[in-house]
Trainee: 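Questions regarding the structure given below will be posed in turn.
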Amino acid sequence: MNFNTVSYSIIEEIKTIVGDNYVLTDSESINKYSHDETEDLRFYPEVVIKPNSVNQISKLLKLCNENNICVTPRGGGTGLSGGALPIYGGLLLSLENLNNILDIDERNLQATLEPGVITEVFMNAVSDKGLLYPVDPSSKGSCFIGGNVSHGSGGPRVVKYGTIREYILNLEVVLPSGEVIWTGANTLKYASGYNLTQLMIGSEGTLGIITKIVVKLIAKPVTDVLLMASFSTNEQACAAVSAIFRAGIVPSALEFMERRGVEWVIEYDHIPFDLKEGVNAFLMIEVDGNNLDTLFAEAEIINQVLEENGCTEVLFADTAAQKDDLWRIRRVMPVSVKSNSVYKEEDTVVPRAELPKLINGIKAIGNKYGFSSICYGHAGDGNLHINILKGLMSDADWNTKLKEGINEIFELTVSLGGTISGEHGIGLVQKEYMRIKYSELHLSLMRGIKGVFDPKGILNPGKIF
Ligand code: MLT
Ligand code: ZN
C-alpha cells in the first residue's frame, strides 16, 4: 500500500484543527503508541493525534483522505491481535480524550458515551444506579469501550448475557470522507435495512471512527454463587461444560483453567489457593440472580453434573473475599502466563460440546511441533485462549514450525465447526489464517464492504485482510 508521509505542512494543518498540544511527534510519544498488548510487536506512527471532538475527527479524516495519509485509530492499547498497530506509519489517532459518559437514561435503560471511556469506569457508573453493563473483558480496568466495540469483545459473562453485540444499539461514526453518520436507532429492535451498527462492531477501525456509543443496560442481579471444580484431566473438565447446559443451567460465568496457569498465577500474584496433587484442570462456575435459594438449587444441580463427569472436588466460595480471590486467579492468568515465557496467543472458539476434542487436539499438535501451551478461557462459550509457550524451542523452530502448528490448530478448530477468533479479533496477527475459515468469495465480499466505506483504504490499513 502506498500512502504519503505526514509532511511538515500537513502537521501544521493538523495543529490548526486540534491545537498544538494534541499533536505529538516526540520520540517518547511515538514509542508509547508503537505497541499494544500483542506480543512484542512494535510499529512507529509518524505522528500521534489526540482529538477532543467529533468535529475535529471529521476534519482530520477529510484531510488525511484527501492527502492519502493512513490513519490508525487506538483505544486503550490492550488489544491482542495488533489491531491498533500503525503498521504503515501515518497518523495514530488516540481516542483517549473522548472519555465522557454523556447520559445514563434510567427510564429507557440506556446510556450514551464516548469511545475513550474505560470499560470498568462505565460499569461502576451504571452499577451505582443499580444497573448492569455485563461486557467485562479481563482488561476492563484499562481497555476503552470504543476498542471493545471495534473488536466485538466478550469476557466471562457472555455465556449468560451475550457479547457486546447484544448491548450496542446505535453508533455515531465518522467516515473516512469526514462525513458523520448514526448507524441505527436507540431501539431494542431494528428491522430497517442493513444493520450498519452490527457491521461496525468487530470491524476493528477499518470502516470508520466510532465517536459515540449508545448502550443497552439491564437490571443488576442481586447476588451470585461461585464455585471452583477440580478435575484430573482437561478432557473431563471440558466435557462437563456442555453437560451443565444440558442439565438446564445457564451460568453467568463458566471458565476453564489449566493447572499450570493456576500455578503461575499463584507464583506471580501470591493469591492464596490450595493446589492439590493430581488436579490438572479447573472449571470456575458462577450463577447469578435475585434469589439465593434458587441459586443454591442451581448449584446443587451443577454439583451433581460435575460429579457425574469425574470432578474430584468442588470448592464453594463462601465469602466475598474468597470470590475475589478466585476471580483474581482467572483474571490475572493472562499476565502471569505471558510474563513467564515468550508466547503466542490464539483465540479459538468451537461449539461448546466440541471443547474436549479441541483441547486434546491442541495438546497433540503441540507434541508434534515441540511446543507446550497453557489454555484457559470462556469454556461456556466454547472459547479457548491458547497461550503457546516458546519454552525450550529453538529460535529457528519458533520462527518456522510454530506457524505450521498454529495452522493445524486453526484447521482443527474450523473442522470442529468453530472459527479463528472468538473475541480478540483478527487485526494484524491472525489475518494470514483467514483463508482457513473463509473462501476467496467470502473474503472478496468483506473487501467489497471495506471499499464502499473507505475507497482509498486509509483507515487502519493492513488489518483483517
Ligand atoms: C481473557 O479472557 O483473559 C482475555 O481474553 C485476555 C487474554 O486471554 O489474554
Ligand atoms: Zn477472554
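In this chain, numbering begins with 1 at the start of the sequence shown. Both ligands and their constituent atoms are indexed starting at 1 by order of listing. The analysis underlying the following values was restricted to heavy atoms, covering all of them including side chains, and did not include hydrogens, waters or symmetry mates.
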Trainee: Checking only N/O/S atoms, does D347 have one that is under 2.8 Å from the Zn ion (ligand 2)?
Mentor: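 False for D347.
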Trainee: With a cut-off of 4.0 Å, which atoms of ligand 1 are near a heavy atom of K338?
Mentor: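 Counting atoms of ligand 1 from 1, those under 4.0 Å from K338 are 7 (C), 9 (O).
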Trainee: Tell me if the NZ atom of K357 is crowded by more than 12 foreign heavy atoms within 6.0 Å.
Mentor: no
Trainee: Keeping E204 on the side-chain end and I426 on the backbone end, is there a donor-acceptor pair under 3.5 Å?
Mentor: yes
Trainee: With rounding to 10 degrees, what does the angle H378:NE2 / the Zn ion (ligand 2) / H385:NE2 come to?
Mentor: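 That angle is 100°.
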Trainee: If you measure from the Lys or Arg side-chain nitrogens to the Asp or Glu carboxylate oxygens, is any gap between R331 and D136 under 4.0 Å?
Mentor: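 The answer is yes: the pair qualifies as a salt bridge.
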Trainee: At less than 4.0 angstrom from any non-hydrogen atom of H385, what atoms of ligand 1 do you find?
Mentor: 1 (C), 2 (O), 4 (C), 5 (O), 8 (O)
Trainee: Show which atoms of ligand 1 fall inside a sub-4.0 Å distance from at least one heavy-atom site of L80.
Mentor: 6 (C), 7 (C), 9 (O)
Trainee: Please name the atom of E423, restricted to N, O or S, that is closest to the Zn ion (ligand 2).
Mentor: OE2
Trainee: Just say parallel, tilted or perpendicular for the rings of Y133 and Y167, cut-offs at 30° and 60°.
Mentor: perpendicular
Trainee: Mark yes or no: R352 above the aromatic ring of F245, with NZ or CZ under 6.0 Å from the six-membered ring centre and no more than 45 degrees from the axis.
Mentor: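 Flagged: R352 positioned over aromatic ring of F245.
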Trainee: Relative to ligand 1, is H424 under 4.0 angstrom through side chain, backbone, both or neither, heavy atoms considered?
Mentor: side chain
Trainee: Please state whether the separation between the Zn ion (ligand 2) and some N/O/S atom of H424 is under 2.8 Å?
Mentor: no
Trainee: When you look for heavy atoms under 4.0 Å from ligand 1, do you find them on the side chain of M333, its backbone, both, or neither?
Mentor: neither
Trainee: Of the side chain and backbone of D347, name the one, both, or neither that has a heavy atom under 4.0 Å from an atom of ligand 1.
Mentor: neither
Trainee: Would you call the rings of H442 and Y438 parallel, tilted or perpendicular if under 30° counts as parallel and over 60° as perpendicular?
Mentor: tilted
Trainee: Using the side chain to side chain contact (heavy atoms under 4.5 Å, CB included) rule, take Y369 and L402 through it: C-alpha gap first, then chi angles, then the decisive distance, then the call.
Mentor: CA-CA 7 Å; Y369 289 95; L402 179 67; over 6 Å; no
Trainee: Among T413, L358, I409, whose side-chain contact (heavy atoms from CB on, under 4.5 Å) with L384 holds?
Mentor: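 Filter result, single survivor: L358.
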Trainee: At a 4.0 Å threshold, what atoms of ligand 1 neighbour a non-hydrogen atom of R330?
Mentor: 1 (C), 2 (O), 3 (O)
Trainee: Rounded to the nearest 0.5 Å, how far apart are NE2 of H424 and CG of N383?
Mentor: 7.0 Å
Trainee: When you measure from the side chain of N280 to the backbone of S232, do you find a donor-acceptor pair of N or O atoms at a distance under 3.5 Å?
Mentor: yes
Trainee: At the 4.0 Å heavy-atom cut-off, does E37 count as touching ligand 1?
Mentor: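 Distance cut 4.0 Å: E37 fails for ligand 1.
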Trainee: Where is the nearest protein heavy atom to atom 8 (O) of ligand 1: which residue, which atom, and how far?
Mentor: E345 OE2, 2.7 Å
Trainee: Please write down residue, atom name and distance for the protein heavy atom closest to atom 3 (O) of ligand 1.
Mentor: S138 OG, 2.6 Å
Trainee: Less than 4.0 Å is my threshold; does some heavy atom of E423 fall inside it relative to ligand 1?
Mentor: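 Right, E423 reaches ligand 1.
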Trainee: Answer yes or no: are there more than 12 heavy-atom neighbours, outside E166 itself, under 6.0 Å from its atom CD?
Mentor: yes
Trainee: Using a 4.0 Å cut-off to any heavy atom of H378, which atoms of ligand 1 qualify?
Mentor: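 Once the distances to H378 are compared, the set is 2 (O).
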Trainee: Quick check on contacts: which atoms of ligand 1 are under 4.0 angstrom from a heavy atom of Y376?
Mentor: 3 (O), 7 (C), 8 (O), 9 (O)
